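The structure appears right after this line, and notes come after that.
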Amino acid sequence: MKKNLFDRFSDWAVCFTGSAGAFIGASLMVVAWAATGPMFKFSEVWQMVINTGTTIITFLMVFLIQKAQNKDSKAIQIKLNELIASYENASNRLVDIEDLSEDELDQLHKFYEKLGKSPGNKKGPSGKRDDKYKQGRYK
């Protein structure tokens, strides 16, 4: 599938800004800015350069980070949905639960907490009943 210009740019920008090179570049810019302070007599304009630059970059990065998070979250949800759908004992009602309200998710959470605490579900790490679990070692 062909990506549009914004998708390609945002993928590149997220990869670049998370790199060591970007961190080093930003650090060098801050050092260069600080070194020019005496030349500009630490004026208000000199201070506004770094303040304005960092504010603009931060503002734009919020949107790029959110786009990356949305993409990652969607990919994870699709993978989880596939796992749920492929497991015969899983409840298919859990597919797409991310569309539920916060209250509905809280109800499901409470249900699974109770299910996990019920005596019939005390299984060890192997997935089988385990005497060590019964003795309280795997609480």
Side-chain angles (χ1 to χ4, degrees):
M1 181 174 359
K2 187 175 180 181
K3 292 182 178 182
N4 65 32
L5 181 63
F6 179 70
D7 285 339
R8 289 193 315 260
F9 171 74
S10 65
D11 288 346
W12 171 83
V14 167
C15 285
F16 173 73
T17 57
S19 70
F23 176 77
I24 292 168
S27 298
L28 290 175
M29 286 178 62
V30 170
V31 168
W33 168 80
T36 62
M39 187 172 25
F40 291 101
K41 297 182 177 144
F42 301 100
S43 68
E44 285 186 30
V45 172
W46 173 80
Q47 292 177 25
M48 288 300 292
V49 167
I50 197 76
N51 291 341
T52 303
T54 55
T55 301
I56 291 169
I57 290 170
T58 302
F59 178 74
L60 295 175
M61 285 302 297
V62 165
F63 297 103
L64 286 175
I65 292 168
Q66 187 61 52
K67 178 166 181 16
Q69 279 298 119
N70 289 347
K71 182 179 177 182
D72 287 347
S73 179
K74 191 179 289 187
I76 289 170
Q77 288 302 319
I78 291 168
K79 291 174 184 180
L80 289 172
N81 290 346
E82 174 62 19
L83 289 172
I84 292 168
S86 68
Y87 185 63
E88 65 185 52
N89 294 330
S91 170
N92 288 336
R93 291 176 290 173
L94 294 179
V95 175
D96 294 332
I97 64 169
E98 63 273 7
D99 295 330
L100 297 177
S101 71
E102 197 72 31
D103 290 337
E104 292 168 325
L105 289 173
D106 288 342
Q107 286 177 345
L108 270 174
H109 179 74
K110 288 176 186 174
F111 170 77
Y112 281 101
E113 275 185 334
K114 286 179 186 175
L115 187 66
K117 292 177 183 177
S118 67
N121 288 327
K122 303 288 185 186
K123 295 181 181 175
S126 66
K128 298 178 182 173
R129 290 206 173 273
D130 192 345
D131 290 336
K132 290 180 184 175
Y133 191 94
K134 289 178 185 175
Q135 295 170 6
R137 293 185 185 155
Y138 292 112
K139 285 187 180 181

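These numbers come from a predicted model, not from an experiment.
Between L64 and A13 the shortest heavy-atom distance is CD1-CB, 3.7 Å. When all heavy atoms are compared, the tightest approach of N4 to D7 is OD1-N, 2.7 Å. Scanning both residues, P38 and A35, for their nearest heavy atoms gives CD-O, 3.3 Å. For T54 against I50, the heavy-atom pair with the smallest separation is OG1-O, 2.8 Å.
I56 has its side chain within reach of T52: a pair of non-hydrogen atoms, C-beta onward, lies under 4.5 Å apart. Within the 4.5 Å cutoff, side-chain heavy atoms of K67 are placed close to those of F6. Counting only heavy atoms from C-beta outward, the side chains of M61 and I57 approach each other to under 4.5 Å. Contact annotation: the side chain of R8 approaches that of L5 to within less than 4.5 Å [non-hydrogen atoms, C-beta and beyond].
Within 6.0 Å of the OH atom in Y87, the count of heavy atoms belonging to other residues, nucleotides or ligands does not exceed 12. Annotation for E113: atom CD counts as buried by contact number, over 12 foreign heavy atoms lying within 6.0 Å.
With hydrogens and angles left out, the side-chain atoms of Q47 and N51 include no donor and acceptor closer than 3.5 Å.
In this structure, F16 is not a member of the same hydrophobic cluster as V62, with clusters built from ILVMFWY side-chain heavy atoms closer than 4.5 Å. No path of Ile, Leu, Val, Met, Phe, Trp and Tyr side chains, each step under 4.5 Å between heavy atoms, connects V31 with V49, placing them in separate hydrophobic clusters. Taken together through direct or relayed side-chain contacts under 4.5 Å among Ile, Leu, Val, Met, Phe, Trp and Tyr, I97 and Y112 form part of one hydrophobic cluster.
Ring pair W12/F9 is tilted by interplanar angle, where 30° to 60° counts as tilted.
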(Q) Run the side chain to side chain contact (heavy atoms under 4.5 Å, CB included) test on T36 and W46 for me, step by step, so that the C-alpha distance in whole Å, both residues' side-chain angles and the decisive distance to 0.1 Å come before the verdict. (A) CA-CA 8 Å; T36 62; W46 173 80; 3.1 Å; yes
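Atom CD1 of I65 is separated from atom OG of S10 by 12.0 Å, given to the nearest 0.5 angstrom. One distance of note links OG of S43 with CE of M48; it measures 11.0 Å at 0.5 Å rounding.
Applying the salt bridge (Lys or Arg N to Asp or Glu O under 4.0 Å) rule to K71 yields the partners D11; only residues at least two apart in sequence or on another chain are considered.
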